[in-house]
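One structure follows; several queries about it will come next.
Quantities reported herein were computed from a predicted structural model and do not represent experimental measurements.
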Amino acid sequence: MDNLAFDTMIGAYLLDPGKRAYDLDSLALEFFNYKKVSITELIGTGKKQINFSQVPIEKATSYSCEDADFTFRLKKHLEPKIIDMKLQPLLNDIEMPLISVLGDMEEAGVRIDTNFLGELSKEYGAKLAELEKKIYDECGEEFNLNSPQQLGRILFDKLKLKSTRRTAKGGSRATSVDILTKLAEEHHVPRMMLEYRQLTKLKSTYIDALPLMVNHRTGLVHTSFNQTIAATGRLSSTDPNLQNIPIKTDEGREIRKAFIPRADDSKILSADYSQIELRIMAHFANDPMMIASFQKGEDIHRRTAAEVYGVDINDVTPAQRRKAKTANFAIIYGVSAYGLAQQSELSFTESKDFIQVYFERYPGIKSYMDRSIEFARNNGFVSTMFNRRRYLPDISAKSVQARQFAERIAINMPIQGTAADMIKIAMIHIAQRMKGMKSKMILQVHDELVFDVYTGELEKLKNIVKTEMEYAVELKVPIKVDLAVGNNWLEAK
DNA sequence: ATAAGCACGC
DNA sequence: GACGTACGTGCTTATA
């Protein structure tokens, strides 16, 4: 698989990663205005779908020739554009070599402890049945707890709680977590609904769904990593999505115990980039204070709190650090004072002051943001350290909403995208050095790599992984990777 | 089938 | 005065 010459999906994605689809049919239509025969015209859909081998040979022949023809035409059309836009290194040194790395990871698969999930399903199922009964009792009637519409009727019509917000699209009365959390101060039902929502989410999306995804031949779960979905250059994972396995709550973390080593003599190794996006921002912004802090190996959120609150780093309170941490993440996304207030414990006024002092202490950050937006206005796009590009057609839009959205992307995409470039480079180098080893790279979760490592190879692999991740790209700040080993994914954290 | 609302991750 | 945090996937309900 390493002798691939070109890939039309990836080529078109690098030329413009903001598009909806890169499949052959879409690209043929877009670039040649040609409507190909769709596969469903040959094999049908749903229950009546047949195998391609059952398609009459004449139809199969012309279909296949059309595929080959347009693949070649697209290659000839896309490659010069790749060269013009200086995307060759990104294509040839990162995205193309990554194809086989991802293929190997998908094929390697992940072992899931289905017995453990079965037990967890019973446990959470019992808790849910109990909750369900209590909620019906408290409401004086039964309704579908999974229906936001019916819940709205109960909360706002029957129990007379105050509806504070409408949903963005349908305009119905919102019952999302922030609303229910507020209402939980004055009533049991919203509090219990929050618990119900959390547990049903865990049970339906993970606990009950994952065992169904175990491959009958291998006994393992094989996700698909998609290389041409995210507009920032990140990967995505589907069927199942193994990039959103719970970790925040104790109930959710239990699920990570089900991700286990494939053999008696292997372990799970997890390697995490520490604060990678803030480090990249410090690098781009060339901000003296933030760079110095990373060079000293400080806790960046404590340093931020110390600067903003004007106290010694050793005197920062937990509450101050919490607020600084929220602010640091919000800054990466280009948040407003209002947004920060919504997200944190800060009031609107406190948020405004916080952001003002933040930019006084980290002047480089402010000028990075202004420069990014200015660049986008002048050029119509922004890009990462490795020339990955994203177009921002709305950067000068009349609509305030559309324009501000484009401005936030102008700030965030180069940071998030450079982090994506970096871990992709590390993955390629690691895969190269793992050749001949029994251990497997099995997952990528944006700033984390997960391995199923044989104990005899543990020390060697730890060294390879740490080195290749930390030295994939050179920044003005040191890059730190945390390693952890365990008998499941939770222990390896 | 598709949209809406919601919730999980980074 | 608007507007109000980036990138994803998947579940269930409601509607067509």
Q | All side-chain contact (heavy atoms from CB on, under 4.5 Å) counterparts of A:Thr384, not counting sequence neighbours | A |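 Listed in chain order: A:Phe386, A:Arg388, A:Met413, A:Thr418, A:Asp421.
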
**Q.** Length of the line joining A:Ile179:CD1 and B:dG5:P, which is rounded to integer Å
**A.** 13 Å

(Q) Students often mix this up, so state it plainly: with edges at 30° and 60°, are the rings of A:Phe284 and A:Tyr368 parallel, tilted or perpendicular? (A)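 Aromatic pair A:Phe284/A:Tyr368 classed parallel.
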
Q) Which part of the nucleic acid, if any, lies within reach of A:Gly18 when heavy atoms closer than 4.0 Å are counted: base, sugar-phosphate only, or nothing? A)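 Nothing, no heavy atom under 4.0 Å.
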
Q: Not counting sequence neighbours, which residues clear salt bridge (charged side-chain N to carboxylate O under 4.0 Å, His left out) with A:Asp394? List them please.
A: none

(Q) I need the OH-P distance between A:Tyr368 and C:dA6, as an integer number of Å. (A)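 Rounded to the whole Å, the gap is 14 Å.
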
Q.
Strictly distance-based, threshold 3.5 Å: is any side-chain N or O of A:Arg377 a donor or acceptor partner for the main-chain N or O of A:Ser396?
A. no

Q. Given C:dC7, B:dC10, B:dC6, which nucleotide is nearest the side-chain atoms of A:Asp447?
A. B:dC10

Q) So, is A:Ser236 close to the C:dT9 phosphate, meaning a side-chain N or O under 4.0 Å from OP1 or OP2? A)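 Yes, A:Ser236 has a side-chain N/O under 4.0 Å of OP1/OP2 on C:dT9.
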
Q.
For a quick check, with a 4.0 angstrom heavy-atom cut-off, what is the B/S/- contact string for nucleotides 10-16 of chain C, read 5' to 3'?
A. BSSSS--

**Q.** Separation of atom CZ in A:Phe156 from atom C1' in B:dG5, rounded to whole Å
**A.**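 Those two atoms, CZ and C1', are 13 Å apart.
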
Q: Using a heavy-atom cut-off of under 4.0 Å over every strand shown, decide if A:Ala174 touches base, sugar-phosphate, or nothing.
A: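 The answer is sugar-phosphate, as A:Ala174 gets under 4.0 Å only of primed atoms, P, OP1 or OP2.
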
Q. Roughly how many Å is it from CG in A:Leu202 to P in B:dC6, rounded to a whole number?
A.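 Distance check: A:Leu202 CG to B:dC6 P gives 18 Å.
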
Q) Between A:Lys352 (NZ) and C:dG4 (C1'), how many Å, whole number? A) 14 Å

Q. For A:Lys493, does the NZ atom have more than 12 heavy-atom neighbours from other residues, nucleotides or ligands under 6.0 Å away?
A.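 Atom NZ in A:Lys493 is crowded, with more than 12 foreign heavy atoms closer than 6.0 Å.
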
**Q.** Strand-adjacent residues in residues 393-423 of chain A, judged by heavy atoms under 4.0 Å from DNA chain C
**A.**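 Residues of residues 393-423 of chain A under 4.0 Å from DNA chain C: A:Val400, A:Gln401, A:Gln404, A:Phe405, A:Arg408, A:Ile409, A:Asn412, A:Gln416.
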
Q: Look at all strands and tell whether A:Ile229 reaches a base, only sugar-phosphate, or nothing, counting heavy atoms closer than 4.0 Å.
A: sugar-phosphate

Q: Give a yes/no verdict on a cation-pi contact between A:Arg389 and A:Phe381, requiring under 6.0 Å between NZ or CZ and the six-membered ring centre and an angle within 45° of the axis.
A: yes

**Q.** Runs of at least three consecutive pairs that involve DNA chain C, where pairs are Watson-Crick or G-U with distances under 3.5 Å
**A.**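 DNA chain C stems, ordered by first number: B:1-9 with C:7-15.
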
Give the table of side-chain donor-acceptor pairs shorter than 3.5 Å for residues 184-192 of chain A, with sequence neighbours excluded, one pair per line with atom names and distance.
unit_1   : atom_1 : unit_2   : atom_2 : d
A:His187 : ND1    : A:Val189 : N      : 3.1
A:His188 : ND1    : A:Arg191 : NH2    : 3.4

Q: Can you sort out the partners of A:Ser172 under side-chain contact (heavy atoms from CB on, under 4.5 Å), two or more places apart, ordered by chain and number?
A: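 Counting only residues at least two positions away or on another chain, A:Ser172 forms a side-chain contact (heavy atoms from CB on, under 4.5 Å) with A:Thr167.
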
Q: From the options C:dG8, B:dG9, C:dG4, select the nucleotide whose nearest atom is closest to the side chain of A:Ala231.
A: C:dG8

**Q.** A:Arg20 CZ to C:dG8 C1', straight-line distance once rounded to whole Å
**A.** 16 Å

Q) Rounded to whole angstrom units, what separation is found between the OH atom of A:Tyr206 and the P atom of B:dC6? A) 17 Å

Q | Distance test, side-chain N/O of A:Arg197 to OP1/OP2 of B:dA7, below 4.0 Å | A |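 Answer yes for this pair, as a side-chain N or O of A:Arg197 is under 4.0 Å from OP1 or OP2.
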
Q: Give one of base, sugar-phosphate or nothing for A:Arg390, where a contact means two heavy atoms less than 4.0 Å apart.
A: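 If one applies the 4.0 Å heavy-atom cut-off, A:Arg390 turns out to touch the sugar-phosphate alone, with no base involved.
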
Q.
Less than 6.0 angstrom from the centroid, inside 45 degrees of the normal: does A:Lys203 satisfy that with respect to the ring of A:Tyr124?
A. no

Q.
The criterion is salt bridge (charged side-chain N to carboxylate O under 4.0 Å, His left out); which residues satisfy it with A:Asp299, sequence neighbours excluded?
A. A:Arg321

Q. Can a salt bridge be assigned to the pair A:Glu95 and A:Lys424 using a cut-off of 4.0 Å between side-chain N and carboxylate O?
A. yes

**Q.** A:Lys127/A:Glu195 ion pair, N-O < 4.0 Å
**A.**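 A:Glu195 and A:Lys127: not salt-bridged.
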
(Q) If the threshold is 4.0 Å, N to carboxylate O, is there a salt bridge linking A:Asp287 and A:Lys366? (A)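 No, A:Asp287 and A:Lys366 are not salt-bridged.
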
Q: Could you tell me which residues satisfy ring-ring contact (aromatic ring centres under 6.0 Å, His included) with A:Tyr333, sequence neighbours excluded, listed by chain and number?
A: none

Q.
How many whole angstroms separate atom CG of A:Asp178 from atom P of C:dG4?
A.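 Rounded to the whole Å, the gap is 15 Å.
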
Q: Indicate yes or no: does A:Glu307 engage A:Arg303 in a salt bridge with an N to O separation below 4.0 Å.
A: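 Result for this pair is yes, salt bridge flagged.
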
Q: Check side-chain hydrogen bond (donor to acceptor under 3.5 Å, both in side chains) between A:Glu107 and all other residues, then give those that pass, not counting sequence neighbours.
A: none

Q | Salt-bridge contact A:Arg173-A:Asp157 (side-chain N to carboxylate O under 4.0 Å) | A |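 Salt bridge between A:Arg173 and A:Asp157, a charged N being under 4.0 Å from a carboxylate O: yes.
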
Q: With heavy atoms under 4.0 Å as the rule, sort A:Glu277 into base, sugar-phosphate or nothing.
A: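 No contact.
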
N/O-N/O pairs, protein side and nucleotides 1-3 of chain B side, under 3.5 Å:
none

Q.
Please give me every residue in residues 327-337 of chain A whose heavy atoms get under 4.0 Å of an atom in DNA chain C, ordered by residue number.
A. A:Tyr333, A:Val335, A:Ser336

